[in-house]
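Some notes on the structure that comes next.
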Amino acid sequence: MAEKGILTVVSGFSGAGKGTVMKALTESFEGYALSVSATTRAPRPGEQDGREYFFRTEEQFQEMIAEDALIEYACYVNHSYGTPREYVESRLAEGKDVLLEIEIQGALKVKERYPDALLVFIMPPTAAELKARLIGRGTETEEIVKQRLKRAAEEAESMEAYDYILVNDTVEACKERLHRLIQSQHMRAVANRDRIDRMKQELKEINATDVCKTIANH
Ligand code: 5GP
């Protein structure tokens with residue numbers, strides 16, 4: 001049986017570059033599976049159903065909740081977002097390291113349901129850098145930049161609930177750190193329960209045989 005994968009939740013302020021880091025991570029290394037969420041918001045130009053998101057009506061979204069098809073869901077700026085259960089659980093069982101890029105309320109719900117999940121918060125080096133990146137995108141109005149910075153201040157209040165904080169100074173360096181962090185989780189005792197049980201069982205079996213006799217025969 002494949003060793004179970006690590007479930008990692010990545011959050012960060014809008015403009016922190018977490019999407020770019022995740023993309024770089026999955027393109028550079030094997031073994032990752034990036035979950036695609038369901039949402040009730042409309043697709044942006046260039047977005048495809050099933051690739052960026054599963055775009056669903058409010059009614060369909062409510063049905064998914066009723067069927068317990070979502071691991072978590074949350075409301076963000078008047079729209080619902082949720083993580084489909086089936087994809088996440090089957091990839092983890094296959095041994096893939098599953099990545100969820102979701103906001104804070106959802107991250108905390110995942111931690112409640114999967115206490116071994118790794119919660120990572122990606123932030124820019126400074127607030128001034130965040131502002132510069134949001135303005136630099138050139139796609140947002142001044143009003144939206146203001147809203148996002150206000151939201152970032154609110155989100156900063158929950159950063160301590162995360163297991164790790166990664167500074168996105170450069171995409172390359174941040175991607176490497178995230179990869180090393182996730183891979184190190186494979187060595188945690190909680191990620192090795194099967195191995196521990198197997199060792200206990202093997203030792204029991206060895207001790208049940210006459211150890212001295214085996215040594216004497218050597
Ligand atoms: P956007 O509409 O800009 O793609 O995403 C808005 C916010 O929703 C982002 O912070 C994103 O991480 C978050 N988000 C995306 N999918 C999910 C999800 O399945 N659950 C939760 N809780 N948040 C999500």
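Counting starts at 1 for both ligands and their atoms, following the listed order.
With respect to the salt-bridge test (charged N to carboxylate O, under 4.0 angstrom), the residues D169 and R177 qualify. The pair R188-D163 does not meet the salt-bridge criterion, since no charged nitrogen lies less than 4.0 angstrom from a carboxylate oxygen. Ion pair E47/R41 flagged as a salt bridge, since at least one NZ, NE, NH1 or NH2 atom sits closer than 4.0 Å to an Asp/Glu carboxylate oxygen.
Pocket lining of ligand 1, defined as residues with a non-hydrogen atom under 4.0 Å away: S37, R41, R44, Y53, E72, A74, Y76, Y81, G82, T83, E101, I102, E103, G106.
Heavy-atom neighbours of K109 NZ from other residues, nucleotides or ligands within 6.0 Å: above the threshold of 12. The environment of CE in M199 is sparse: at most 12 heavy-atom neighbours from other residues, nucleotides or ligands sit within 6.0 Å.
Minimum heavy-atom separation, K4 to H186: O-CE1, 4.3 Å.
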